[in-house]
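Lettering follows sequence order; numbering is per chain, from 1.
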Amino acid sequence: MRVRLAPSPTGFLHIGNAFLALIDAAFARRHGGRFLIRIEDTDQERFIPEAEAAIYDGLRWLGLEWDEGPDAGGPAGPYRQSERLPRYQAAAAELVGMGRAYHCWCSPERLDEMRRQQQGRKQPPKYDRLCLGKTEAERKALGGYSERPVVRLLMPTEGQATFQDAIRGPITFEYALLQDPVILRSNGFAVYHLAAMVDDREMGISHVLRGEEWISSTPIHMQIYDAFGWELPVIAHTPLLLNTDRGKISKRKHPWAKMSWFREEGFLPAALLNYLGGLVVHVPDPENVDPSVDRELFGFDEIVEHIDLQRIGPSGKIFDLDKLTSLNGQYIRRLSLGELQDAVHPFLEAAGLHVGGDPKLPRALALEHERLRRLSEAPYVLSFFFRDEDYDASLLIPKGLDRNRALELLRAARREIDSVASGPEGWTATALEASFRALAERLGLKTGRERGQLIGAGVVRVAVTGRTAGPPLFETMEVLGDETVIRRMDEALNRLLSLAA
RNA sequence: GCCGCCAUCGUCUAGAGGCCCAGGACAUCACCCUUUCAAGGUGAAGAUCGCGGGUUCGAAUCCCGCUGGCGGUACCA
């Protein structure tokens, strides 16, 4: 069994291709087969050189491996279509020789005109076969002629084509509705239909897994196989990945069309793989008595174990970023502190937080660990540990308090800080907590809400961190150190003082 | 327009004729925990299985029609 991913290098790895790659890789592994990559670069106008590397990078980041490809080599190479051109030309010539294809000299202008007229008559656009059975000289006399011909596949005009889709069951087409497609361009480059069939055959592809958008061109492919007398591979059309508006995920409107976006936004490859896998596979949870309750967290091995084309739901899948984000949070929480630190490092660097060697980093990270849902949030939730940040001074006055009361609380807290800093227990979260409990007592802060105004989301938190939310305050202060805390509290007192009363 | 594919809570899905007046996850809401935010726990709300006809003792599951969504209709892939 051999399966292939056939991306065209048009700029970046589309998330849909990554999805397909996962299905390919898992399916091949499931059946002990081989997974190969073939680069479909026959459309020179859309070719972008860096794109090929982006495809490999993306797949590798996701954790997928392939057995053969342009980079990996293999017995069925070359694996770039641009390096296989003569084969396609030979195949086209052979088809012409068999009478299953013919040269067509119609100019693009004539074809446009023909289609316009057909649409005017409300007929489906279909090539009128003006060139069929004519020599070049005969055709030239008719006008609408261009020097270099294309090759068109001669399709049957009646009857039906039926194939078994491994995901969807039987699918039938009416030949009378189909036109003769171009299979070799006038510049000598093969069109997908020819190139892919020749390659699939020569590379021994046994299972063609491709996106749903290919369903309607399957009869063309069947004709090519039929003309050569080849046996059709197993064909399966996978569901499309859709956007929230139910449309295709497009690069222009949706940045997550690019696989690289997920890395940049701080998603872990394991989380993305898990999410994508969940769209096509159900992993039963042996520990749960209710068989309808699946496991939510699983990896490539479980996907391999449970992948089954017949059980892939054929309907389009709307990409749920919220669910991915939630999954990502779970994967982040399962990371060790060391792993998290490594994962977060590039994001900190990119944000200008060069704190890799700072001993405070692991301690701060430990406090933020369970709060992270994306690695890209790290700079924001960590920055105040390392630098004083600007904040809106009005935040120093919590809801329900006036400036004077806030000032009063902050001054009292400031004295408390001093006594802990010079106290016998030293600067620890436990000492700070005990001290502030006693303070709340003395200030007569009885309800949770009142105490919250002091430290929860209150004056002290804002003074020390510049934020109204964050990790437990006393542990945060311990990591920050007494000097920083005192400096920031004094600063906050000044800002409060300069606020109009 | 024509052809094709698809159709279960907002989203992803479980479901392969009786186990389903439909189960789980995300999101939402409430409560618990918590001197903030999370995380965790408990619970609620949310689907007359797109609509209408069949088949059957029995249909989310099979068949037909309709509607809607998507895809294709290129010298793109």
Side-chain angles (χ1 to χ4, degrees), chain A residues 6-8 10 40-43 45-46 104 106 108 111-112 115 119 122-126 146 148-152 165 168 171-174 177-179 181-187 189-193 195-196 210-219 237 239-240 242 244 246-248 275 278-279 282 284-285 288 290-296 310-311 313-327 329-330 333 368-373 381 398 433 436-437 440 445 447-458 460-462 465 467-474:
Chain A
S8 52
T10 53
E40 309 243 329
D41 53 355
T42 59
D43 185 357
E45 287 171 29
R46 306 206 317 172
C104 172
C106 289
L111 294 172
D112 280 349
R115 276 191 279 261
Q119 293 198 340
K122 294 225 187 285
Q123 290 174 334
K126 183 169 173 175
S146 69
R148 300 195 51 85
V150 300
V151 174
R152 284 184 186 272
D165 188 297
R168 293 154 204 270
I171 298 179
T172 301
F173 298 88
E174 208 66 51
L177 272 2
L178 273 23
Q179 66 170 335
V182 171
I183 54 175
L184 194 71
R185 299 184 177 93
S186 52
N187 66 5
F189 281 75
V191 164
Y192 171 88
H193 301 307
R210 37 142 73 151
E212 190 184 334
E213 70 270 23
W214 290 105
I215 292 179
S216 42
S217 45
T218 307
H237 291 98
L240 255 25
L242 267 25
T244 342
R246 299 201 159 273
K248 280 214 279 195
Y275 176 75
L279 262 20
H282 293 101
D285 184 354
N288 205 107
D290 184 345
S292 74
V293 180
D294 288 335
R295 275 182 63 184
E296 297 294 328
Q310 287 185 60
R311 310 228 42 175
S315 57
K317 278 93 180 67
I318 292 178
F319 200 99
D320 187 347
L321 270 180
D322 280 339
K323 187 156 186 170
L324 205 216
T325 303
S326 159
L327 214 44
Q330 296 189 60
R333 267 168 255 138
E368 297 287 9
H369 196 162
E370 69 184 20
R371 266 158 269 265
L372 281 180
R373 284 150 61 89
V381 301
E433 180 164 2
F436 271 81
R437 269 187 198 286
L445 305 177
T447 66
R449 181 177 141 82
E450 286 169 343
R451 291 168 173 177
Q453 289 168 339
L454 208 217
I455 47 183
V460 181
R461 177 180 295 279
V462 174
T465 69
R467 311 274 170 83
T468 53
L473 185 58
F474 303 117

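Nucleotides C64(B) and U55(B) have their C1' atoms positioned 11 Å apart, rounded to a whole Å. Rounded to whole Å, the separation between the C1' atoms of C57(B) and G24(B) comes to 32 Å. Taking atom P in both G17(B) and C63(B), one finds a spacing of 12 Å when rounded to whole Å. Atom name C1', nucleotides G10(B) and C29(B): the rounded distance is 14 Å, in whole Å. Spacing of P atoms, A27(B) relative to G52(B), comes out at 34 Å, to the nearest Å. Across the C1' atoms, G43(B) and U48(B) are found 25 Å apart, a figure rounded to whole Å. Taking the C1' atoms as reference points, A47(B) lies 12 Å from C20(B), given to the whole Å.
Counting non-hydrogen atoms under 4.0 angstrom, R168(A) reaches the backbone sugars and phosphates but no base. Here I171(A) lies in heavy-atom contact (under 4.0 Å) with sugar-phosphate atoms only. Nucleic acid contact class of P471(A) (heavy atoms, under 4.0 Å, all strands): base. Across all strands, A457(A) comes closer than 4.0 Å only to sugar-phosphate atoms, never to a base (heavy-atom distances). If you check every strand for non-hydrogen atoms under 4.0 Å, T172(A) touches sugar and phosphate atoms only. Across all strands, R210(A) comes closer than 4.0 Å to no nucleic acid atom at all (heavy-atom distances). Contacts of P472(A) with the nucleic acid, taken as non-hydrogen atoms under 4.0 Å apart, include base atoms. V150(A) comes within contact range of at least one nucleobase, with a heavy-atom separation under 4.0 Å.
Across all strands shown, C6(B) is found opposite G68(B) as a Watson-Crick or G-U wobble partner, with both distances under 3.5 Å. The partner of G17(B) is absent, by the rule that a Watson-Crick or G-U pair needs both atom distances under 3.5 Å.
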Give me, pair by pair, the N or O atoms of the protein and of nucleotides 13-15 of chain B that are less than 3.5 Å apart, along with how far apart they are.
unit_1	atom_1	unit_2	atom_2	d
U13(B)	OP1	K317(A)	NZ	2.3
U13(B)	OP2	K317(A)	NZ	3.4
U13(B)	O3'	H282(A)	NE2	2.7
U13(B)	O2'	H282(A)	NE2	2.8
A14(B)	OP1	H282(A)	ND1	3.2
A14(B)	OP1	H282(A)	NE2	3.4
G15(B)	OP1	R311(A)	NH2	2.6
G15(B)	OP2	R311(A)	NH2	3.1

Show the distances under 3.5 angstrom between N or O atoms of the protein and N or O atoms of nucleotides 69-73 of chain B.
unit_1	atom_1	unit_2	atom_2	d
G72(B)	O4'	S216(A)	OG	3.4
G72(B)	O2'	S216(A)	OG	2.9

Between the protein and nucleotides 41-52 of chain B, which nitrogen or oxygen pairs are less than 3.5 angstrom apart?
none

I'd like a list of close polar pairs between nucleotides 25-31 of chain B and the protein, N/O only, cut-off under 3.5 Å.
unit_1	atom_1	unit_2	atom_2	d
A25(B)	O4'	E296(A)	OE2	3.1
A25(B)	O2'	E296(A)	OE1	3.4
A25(B)	N3	K323(A)	NZ	3.0
C26(B)	O2'	K323(A)	N	3.3

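Not one side-chain nitrogen or oxygen of R185(A) sits closer than 4.0 Å to the OP1 or OP2 atom of A74(B). Of the side-chain N and O atoms in R295(A), none sit less than 4.0 angstrom from OP1 or OP2 of G24(B).
Residues that satisfy the side chain to side chain donor-acceptor pair (under 3.5 Å) test with Q123(A), not counting sequence neighbours, are R121(A). When the salt bridge (Lys or Arg N to Asp or Glu O under 4.0 Å) test is applied to R311(A), no partner is found at least two apart in sequence or on another chain. Partners of H282(A) by ring pair (Phe, Tyr, Trp, His ring centres under 6.0 Å), not counting sequence neighbours: none found. Listed by chain and number, the residues in a side chain to side chain donor-acceptor pair (under 3.5 Å) with R333(A) amount to none (sequence neighbours excluded). Under the rule for a side chain to side chain donor-acceptor pair (under 3.5 Å), E212(A) has no partner lying at least two apart in sequence or in another chain. In this view, Y275(A) and F319(A) satisfy the ring pair (Phe, Tyr, Trp, His ring centres under 6.0 Å) rule, not counting sequence neighbours. With sequence neighbours left out, the side chain to side chain donor-acceptor pair (under 3.5 Å) criterion links Q179(A) to no other residue. T218(A) meets the side chain to side chain contact (heavy atoms under 4.5 Å, CB included) test with F163(A), R210(A), M222(A), I235(A), H237(A); sequence neighbours excluded.
The side-chain heavy atoms of L445(A) and L454(A), taken from C-beta on, include a pair separated by under 4.5 Å. Between V151(A) and V182(A), every side-chain heavy-atom pair lies at or beyond the 4.5 Å cut-off. In this structure, S217(A) and H193(A) have side chains that are in contact, with non-hydrogen atoms separated by less than 4.5 Å.
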Inset, instruction - Go through the steps for R246(A) and I318(A) under the test side-chain contact (heavy atoms from CB on, under 4.5 Å), then give the verdict. - result: CA-CA 7 Å; R246(A) 299 201 159 273; I318(A) 292 178; 3.6 Å; yes
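The CZ atom of R371(A) sits 9 Å away from the C1' atom of U36(B) (whole-angstrom rounding). Between the CZ atom of F173(A) and the P atom of C3(B) there is a distance of 12 Å, rounded to whole Å. Rounded to whole angstrom, the span from the CZ atom of F189(A) across to the P atom of A77(B) amounts to 11 Å. What separates CD of Q453(A) from P of C37(B) is a distance of 13 Å, to the nearest Å.
Of the residues near RNA chain B, I455(A) and R148(A), the one whose nearest nucleotide (by heavy atom distance) lies more toward the 5' end is I455(A). In this structure, H193(A) and T468(A) both approach RNA chain B, and ranking their closest nucleotides by distance from the 5' end singles out T468(A).
A donor-acceptor contact shorter than 3.5 Å links the side chain of R185(A) to the backbone of A190(A). A donor-acceptor pair under 3.5 Å links the side-chain atoms of T465(A) to the main chain of R461(A), judged by distance alone. Counting only distance, with no hydrogens or angles, the side chain of R152(A) and the backbone of C104(A) share no donor-acceptor pair below 3.5 Å.
The listed nucleotides are C6(B), C75(B), A77(B); the one nearest the side chain of P314(A) is C6(B).
Between Y192(A) and W214(A), the angle of the ring planes stays under 30°, which puts this pair in the parallel group of the 30/60° scheme.
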